[in-house]
Engineer: 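Supplied in structure tokens, the structure appears directly below.
Sequential numbering from 1 along the given sequence is applied to the chain's residues.
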Amino acid sequence: AGAAALMFTATAIDALVPVYVGKIVDALAQGAPGNLDSYGRAMQFFFVFLIISLVFHLLRAGSMYLWNIFAIRNLYEIV
């Protein structure tokens, strides 16, 4: 159950990626070339994107780890 919960949460977080990529693009597109304000907003969204990606990968790796433990226990029961 833990592996499924982690995978579900990772998938829900993964759905946020296009939102923040769009915000990065919008921040850059709305500013004039050389405008540091739009660059600063884009960098803020980029750091949020990095955090979201890190959490996604940690949750996904954790769910795979728990799934592997579950699979190994089942294999030992078979043999």
Side-chain angles (χ1 to χ4, degrees):
L6 287 178
M7 184 60 74
F8 177 78
T9 306
T11 303
I13 288 173
D14 195 33
L16 294 175
V17 170
V19 173
Y20 279 94
V21 171
K23 288 184 178 190
I24 293 168
V25 171
D26 289 342
L28 291 174
Q30 290 174 357
N35 184 354
L36 294 180
D37 289 335
S38 63
Y39 177 73
R41 279 197 322 268
M43 289 306 293
Q44 288 174 347
F45 291 131
F46 179 70
F47 287 125
V48 172
F49 168 77
L50 285 178
I51 291 169
I52 288 172
S53 296
L54 177 67
V55 170
F56 165 76
H57 288 291
L58 289 173
L59 290 174
R60 182 150 167 76
S63 69
M64 289 294 109
Y65 179 76
L66 292 176
W67 182 260
N68 286 336
I69 291 172
F70 172 73
I72 288 170
R73 285 182 186 160
N74 284 337
L75 289 173
Y76 275 123
E77 290 182 15
I78 292 172
V79 175

Engineer: Which atom pairs, donor and acceptor, lie under 3.5 Å between side-chain atoms of residues 7-26 and protein residues at least two apart or in another chain?
Structural biologist:
from  : atom 1 : to   : atom 2 : distance (Å)
Thr9  : OG1    : Ala5 : O      : 2.8
Thr11 : OG1    : Met7 : O      : 2.8

Engineer: Just verifying a value: how many Å separate Phe46 CZ and Leu28 CG, rounded to the nearest 0.5 Å?
Structural biologist: 11.0 Å

Engineer: Identify the heavy atoms of Ala27 and Ser38 that sit nearest to each other, and give their distance.
Structural biologist: O-CB, 3.1 Å

Engineer: Sequence neighbours excluded, which residues qualify as side-chain contact (heavy atoms from CB on, under 4.5 Å) partners of Leu58?
Structural biologist: Leu54

Engineer: Which residues end up grouped with Trp67 if you chain together Ile, Leu, Val, Met, Phe, Trp and Tyr wherever their side-chain heavy atoms are less than 4.5 Å apart?
Structural biologist: Phe70

Engineer: Around atom CZ of Arg41, are there more than 12 heavy atoms of other residues, nucleotides or ligands at under 6.0 Å?
Structural biologist: yes

Engineer: Kindly work out whether a path of hydrophobic side-chain contacts (I/L/V/M/F/W/Y, heavy atoms less than 4.5 Å apart) joins Phe56 to Phe47.
Structural biologist: yes

Engineer: Rounded at 0.5 Å granularity, tell me how far CG in Leu75 sits from CZ in Arg73.
Structural biologist: 12.5 Å

